[in-house]
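Values reported hereafter were calculated over all heavy atoms of this structure, with side chains retained and with hydrogens, waters and symmetry mates removed. Being a predicted model, the structure only gives us computed values, none of them experimental.
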Amino acid sequence: MYMLCLIGWLSSEAQPITPLMYRAEKAVTHVIVHDIFSPPVASRIYLYASLAAYETLAVTGKTSSFKKIRPDFPVVKPDKPEKTIHPELSSLYAFLYTASRFVFSDSAMLDSMAVIIAPFKADPRFRASEALAKQVSDSVIAWSKSDGYAATRKLRRYALSRTLSSWKPTPPGYIAAVEPYWGRLRTVVIDSLEKYRPELPLSFSTDSSSAFYRQAKEVYEISGKLRYEDSLRALFWDCNPFFINTQGHLAFATKKLSPGGHWMSIAGLVSEQQKVDFTTVVRAYFYTAIALYDAFISCWDEKYRSNLIRPESYINAYIDESWRPLLQTPPFPEYTSGHSVISGAAAAVLTALYGNQVAFDDHTETGYGLPVRHFRSFEAAAAEAAISRMFGGIHYRAAVENGLTQGQKIGEAVVKKIDLQSRNPGGR
């Protein structure tokens, strides 16, 4: 029996576990896409799954506890001695197991988990590692219940405003407002939404000499002379889980990656490129997830506060009633650009972790028929993600530029709060 256990332990030690973390993130993303979670809700799933992976490493002494960042997070004390636990295995298990508790297709998530952790089932530390993972997951789930999400599920349906400047549902689906109360959720790092609000959008006007009209006209004119390369940028960063195909009276959805999922993918592919250890990979996912989550809350707070009309609605009403943007307009207000905010935040965190001269090939969208794109830095990727929304015809310039600044400030706040550069040698 001893020899069998020893053989099992040696075989599991021979398994490179870091690549399995990349597989785990892809598995979570696959289920998020399948279940068609909205971008803000997807960011919540990434946050809590990544928190569970991170905190499991903290319990085993691999990194500092999340409790140093959030004193209200419950303490996790392992039931088993540390020497009986495989820290990386437990962290991997916690990531997948926690994700399964936030998705609809939990059985699919658990099936993926079973395949990913299969090489370690014979490890004599497996049971104790599994128990710790579930213990941490329980703690994370308990903390998540106080974030305000459940309360927003019970609020009344969003009532549309009748003012000319306000957002209205757009074709082809005319979908109701998505997550109008997301700005009420508890943030992780930023302590004041007001502190990160962007400058006010331009004053609404239908006068052809006004600044507001001119910014809408700019979107209209760009769409009329769009270069192939700019179209490709727009399509690459589309990341629209709500995409609706129409053929006559038939309408059906195409499932796509969320913008947060795209940045989680970037965090993984650059970590893999840099050949970092398992702990650094978990940090990269967790810190990126914090930035995405807080950025979505900040952005959605502004979206439903300013409640600004989309270019498609404005242009159809005051410039060209037959005009359609390259991309489908998402079902929520215009200002600020969600892609811009979350991209600025994620890029700031990843730059602090890996540096500002890290070039990478982004193959995130190849599964959706789009080519690989090369970026010289995280900031360059964020800048392209932001401006792509103008090329796509779904945002004005102010929403793109001010949104990127808004996100960068949030990312910088995350970096400062977790003291990223001093605690992670990868930052430079």
Between S38 and E179, which heavy-atom pair has the shortest distance, and what is it? OG-CG, 3.8 Å
Between S298 (side chain only) and A295 (backbone N and O only), is there a donor and an acceptor less than 3.5 Å apart? no
Heavy atoms of L89 and I17 approach each other most closely as N-CD1, 3.5 Å
Is it true that a side-chain atom of T351 and a backbone atom of A348 form a donor plus acceptor pair closer than 3.5 Å? no
How far apart are the closest heavy atoms of V349 and G411, and which atoms are they? CG2-O, 3.9 Å
Considering non-hydrogen atoms only, spot the tightest contact between L57 and P87 and give its length. CD2-O, 3.8 Å
Say whether S306 and E302, considering side chains only, have a donor N or O and an acceptor N or O under 3.5 Å apart. yes
Side chain to side chain, L404 and V341, heavy atoms closer than 4.5 Å: no
When the aromatic ring centroids of Y54 and F95 are compared, is their separation below 6.0 Å? no
Hey, is NZ on K255 packed in by over 12 heavy atoms from elsewhere, all under 6.0 Å? yes
Six-ring centre of Y196, K409 cation under 6.0 angstrom, axis tolerance 45°: no
Between Q357 and S377: side-chain donor-acceptor atoms closer than 3.5 Å: no
No-hydrogen, no-angle side-chain donor-acceptor test under 3.5 Å, S265 and T364: yes
Verify the neighbour count for atom CZ of R153: are there more than 12 heavy atoms of other residues, nucleotides or ligands below 6.0 Å? yes
Take a 6.0 Å sphere around CZ of R70 and say whether it holds more than 12 heavy atoms from other residues, nucleotides or ligands. yes
Is there side-chain contact between W182 and D301, with heavy atoms separated by less than 4.5 Å? no
Do S105 and D35 get their side chains close enough for a donor-acceptor pair, meaning under 3.5 Å? yes
Under 6.0 Å between ring centres, would you say that holds for F378 and F360? yes
For the NZ atom on K416, are there more than 12 heavy atoms of other groups (residues, nucleotides or ligands in this structure) within a distance under 6.0 Å? no
May I ask you to say whether K256 pairs ionically with D238, meaning some side-chain N is under 4.0 Å from a carboxylate O? yes
Considering all heavy atoms, the nearest A291-V414 contact: CA-CG2, 4.1 Å
Have T279 and D277 got a donor and an acceptor in their side chains that come within less than 3.5 Å? no
Do W237 and E384 meet the criterion of a side-chain donor-acceptor pair at a distance under 3.5 Å? yes
Test of ring centre spacing under 6.0 Å for Y181 and Y158: no
Output yes when D106 and R101 qualify as a salt bridge under the 4.0 Å nitrogen-oxygen rule, no when they do not. no
State whether a side-chain donor-acceptor pair under 3.5 Å links S139 with Q135. no
Side-chain donor-acceptor pair present, S137, Y48, cut-off under 3.5 Å: no
If the threshold is 4.0 Å, N to carboxylate O, is there a salt bridge linking R127 and E130? yes
Are L51 and F73 close enough that some pair of their side-chain heavy atoms sits under 4.5 Å apart? yes
Side chains of Y335 and N402: donor-acceptor distance under 3.5 Å anywhere? yes
Is there a side-chain contact (heavy atoms from CB on, under 4.5 Å) between S203 and F212? Walk through the geometry before answering. CA-CA 6 Å; S203 297; F212 195 96; over 6 Å; no
Quick one: does L20's side chain get under 4.5 Å of F120's, heavy atoms only? yes
May I ask you to check whether F102 and F37 place their ring centers less than 6.0 Å from one another? no
Taking the six-membered ring of Y314, is NZ or CZ of R310 closer than 6.0 Å to its centre and within 45° of its axis? no
Do any N or O atoms from the side chain of S388 and from the backbone of A385 form a donor-acceptor pair under 3.5 angstrom? yes
Check: P171 main-chain N/O paired with Q328 side-chain donor or acceptor under 3.5 Å: no
Got a salt bridge between R397 and E218, using NZ or NE/NH1/NH2 to carboxylate O under 4.0 Å? yes
Using every non-hydrogen atom in the two residues, find where T336 and K303 come nearest and quote the distance to one decimal. O-NZ, 2.8 Å
Any side-chain donor paired with an acceptor under 3.5 Å for R389 and S340? no
Can you see whether S343 engages W263 through a side-chain donor-acceptor pair at a distance of less than 3.5 angstrom? yes
Count the heavy atoms belonging to other residues, nucleotides or ligands that lie under 6.0 Å from NZ of K62, then report whether that count exceeds 12. no
Look only at the side chain of T288 and the backbone of Y285, and say whether a donor-acceptor pair between them is shorter than 3.5 Å. no
Begin from the C-alpha positions of E365 and C239 and carry the test side-chain contact (heavy atoms from CB on, under 4.5 Å) through to its verdict. CA-CA 9 Å; E365 300 289 335; C239 303; 3.5 Å; yes
Counting only N and O atoms by type, is there a donor-acceptor contact under 3.5 Å from the side chain of H395 to the main-chain atoms of E334? yes
Polar side-chain atom of S90 near backbone of S129 as donor-acceptor pair, under 3.5 Å: yes
Check: S65/E55 side-chain N/O donor and acceptor closer than 3.5 Å: yes
Derivation of the side-chain contact (heavy atoms from CB on, under 4.5 Å) call for L257 and N240: CA-CA 7 Å; L257 191 72; N240 181 9; over 6 Å; no
Exercise: do Y93 and T56 side chains pair donor with acceptor under 3.5 Å: no
Answer yes or no on whether R305 is positioned over the face of W300, meaning its NZ or CZ is under 6.0 Å from the six-membered ring centre and within 45° of the axis. no
Ring centers of H86, F126 separated by less than 6.0 Å: no
Can you tell whether the side chains of D294 and R186 come within less than 4.0 Å, N to carboxylate O? no
If we ignore hydrogens and angles and just use 3.5 Å, is the side chain of S112 paired with the main-chain N or O of A27 as donor and acceptor? no
Can you confirm whether Y396 sits close enough to P311 that some side-chain heavy atom of one is under 4.5 Å from a side-chain heavy atom of the other? yes
